[in-house]
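Please read these numbers as outputs of a predicted model, since none were measured by experiment. Naming: A, B, ... by sequence-line order, numbering from 1 per chain.
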There are 2 protein chains.
Amino acid sequence: MTYTIAQISEKFDVAASTLRYYEEIGLLTNVERTDNGRRVYSDAHVGRLSAINCFKKAGMSISEIQDFFEYEKNEEKSIDDMMRLLRRRSEIMLEEFAESYESYEHILKKLDYYGHIEKAVKQKKQLPKWANYRNKDYHQQALETIMQRLKKD
Amino acid sequence: MTYTIAQISEKFDVAASTLRYYEEIGLLTNVERTDNGRRVYSDAHVGRLSAINCFKKAGMSISEIQDFFEYEKNEEKSIDDMMRLLRRRSEIMLEEFAESYESYEHILKKLDYYGHIEKAVKQKKQLPKWANYRNKDYHQQALETIMQRLKKD
DNA sequence: ATAATACTTAAAGTACACTTTAAGTCAACA
DNA sequence: TGTTGACTTAAAGTGTACTTTAAGTATTAT
């Protein structure tokens with residue numbers, strides 16, 4: 001299959017200018033042209049853009065993604081570099097998951113705390129100095145939700 | 001307790017220039033000065049910087065963080081806005097956790113796939129056209145690791 | 001006394017990842 | 001036939017979040 005820039009742009013929800021930019025910096029390569037100079041993308045480009053999406057969500061910078069494709073290009077020579085890059089990335093992601101999850105819990109705590117305050121304000125009651133910010137049910141449910149999402153395999 | 005800019009800089013692993021910048025844009029407020037004009041930070045600033053750290057890890061932009069503190073300043077008036085911001089953020093985080101985790105799995109898959117290739121190359125054996133990229137043990141272990149990290153409560 | 005250090009300011013500079021602009025080409029439709 | 005719309009290029013511009021520079025002041029160490 002072949003695709004126009006508009007089709008790829010829509011498929012990946014990315015601006016046409018971004019696709020031209022990716023090509024300019026060498027993130028997309030071998031983009032064919034029609035007789036009148038218009039870009040023609042192939043399934044290989046679809047595959048590469050999926051990979052780019054994945055790597056971006058994984059927190060990789062464009063230059064890291066470029067490195068990956070560079071390694072992939074001469075696989076035999078660079079397989080160790082490639083695996084080192086991927087392994088490092090998976091480690092970083094694990095660390096970031098843990099840190100983000102801590103922040104997530106802090107935000108739930110704040111929500112819970114202000115929930116108590118709001119309730120008290122609405123009931124025009126005296127506030128306890130420190131509202132009991134830890135609502136176990138709320139946390140438990142949130143943890144279960146995230147576990148389920150992480151598990152959907 | 002009071003702290004110099006160097007102490008705060010070290011405590012939060014943030015450049016002194018960044019602390020000045022945060023003050024300039026109003027993210028840090030009420031920073032006192034010594035007689036000769038040097039900044040003096042208090043425990044309130046330590047608390048605020050912890051919150052900033054948390055919000056940044058939660059993926060909030062500086063202007064969102066500014067909004068939060070603005071809401072917090074006049075709590076009674078803005079508690080709904082504040083809770084809306086926090087609730088929206090927790091939702092976004094959950095979505096991002098799910099997306100990141102998908103990418104994480106893709107990266108493990110790639111690692112596994114190239115692991116097979118590397119092994120085959122080293123053994124100078126014929127490669128199967130598509131190596132069986134799914135090593136259940138590897139995935140299971142990774143999932144358990146992340147679950148543990150997410151659970152450390 | 002001199003030099004190193006730790007700070008101060010305002011303003012300019014940087015890195016990243018695009019995005020916009022301006023001018024032009026080409027094919028299809030009214 | 002003309003104009004609309006989808007593309008093309010090269011170059012300049014944008015937003016975010018800092019970071020660096022340059023010039024100056026004040027305290028501490030040799």
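The backbone N or O of A:V14 lies less than 3.5 Å from a partner atom in the side chain of A:S9, making a donor-acceptor pair.
Taking the side chain of B:A15 as heavy atoms from C-beta on, and the options D:dT19, D:dT8, C:dT19, the nearest nucleotide is D:dT19.
At D:dT27, one or more side-chain N or O atoms of B:N36 fall inside 4.0 Å of OP1 or OP2 (strictly under the cut-off). The side chain of B:Y22 contributes an N or O atom lying less than 4.0 Å from OP1 or OP2 of D:dC18. Proximity of A:R33 to the phosphate of C:dC26: no side-chain N or O atom is located under 4.0 Å from OP1 or OP2. Here B:R39 reaches the OP1 or OP2 of C:dT8: one of its side-chain N or O atoms lies under 4.0 Å away.
At most 12 non-hydrogen atoms from other residues, nucleotides or ligands lie less than 6.0 angstrom from CG of A:D13.
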In dot-bracket form, how is DNA chain D paired, counting a Watson-Crick or G-U wobble pair only if both its distances are under 3.5 Å and using | for bases paired to another strand? ||||||||||||||||||||||||||||||
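For the contact set between residues 50-70 of chain B and DNA chain D, defined by any heavy atom under 4.0 Å, the members are B:K56, B:S61, B:I62.
In this structure, A:I25 is a member of the same hydrophobic cluster as A:I5, with clusters built from ILVMFWY side-chain heavy atoms closer than 4.5 Å. B:V40 and B:M1 fall into different hydrophobic clusters, where Ile, Leu, Val, Met, Phe, Trp and Tyr are joined by side-chain heavy atoms under 4.5 Å apart, directly or via other members.
Looking only at side-chain heavy atoms (C-beta outward), B:K57 and A:E102 stay at 4.5 Å or farther from each other.
Across the protein-nucleic acid pair, A:E24 atom CD and C:dA17 atom P stand 14 Å apart, rounded to whole Å. Between the P atom of D:dT8 and the CG atom of A:D35 lies a distance of 14 Å, rounded to the nearest Å. One can place CG of B:L19 at 14 Å from P of D:dT20, the figure rounded to the nearest angstrom. Between A:I25 atom CD1 and D:dA10 atom P there is a gap of 15 Å when expressed in whole angstrom units. Here the P atom of nucleotide C:dA17 and the CZ atom of A:F12 are 19 Å apart, to the nearest Å. Rounded to an integer number of Å, the gap from CZ of B:R20 to P of C:dC7 is 8 Å. A:R38 places its CZ atom 4 Å from the C1' atom of D:dC7, with the value rounded to the nearest Å. Between A:Y21 atom OH and C:dT21 atom C1' the separation is 18 Å, expressed in whole Å.
Nearest-nucleotide positions on DNA chain D place A:Y41 closer to the 5' end than the other of A:Y41 and B:S17.
A salt bridge is defined here as a Lys NZ or Arg NE, NH1 or NH2 lying under 4.0 Å from an Asp or Glu carboxylate O, and B:D81 with B:R84 meets this definition.
Nucleic acid contact class of B:T18 (heavy atoms, under 4.0 Å, all strands): sugar-phosphate only. Using a 4.0 Å heavy-atom distance criterion, A:A16 is classed as making no nucleic acid contact.
Under the 3.5 Å distance criterion, with hydrogens and angles disregarded, a donor-acceptor pair is assigned to the side chains of A:D43 and A:Y3. Side chain to side chain, A:S103 and A:H106 fail the donor-acceptor criterion of an N or O pair below 3.5 Å.
Shortest non-hydrogen contact noted between A:L85 and A:F68 is CD1-N, 4.0 Å.
Among B:E23, B:H45, B:E32, the single residue meeting the side-chain hydrogen bond (donor to acceptor under 3.5 Å, both in side chains) criterion with B:R39 is B:E23.
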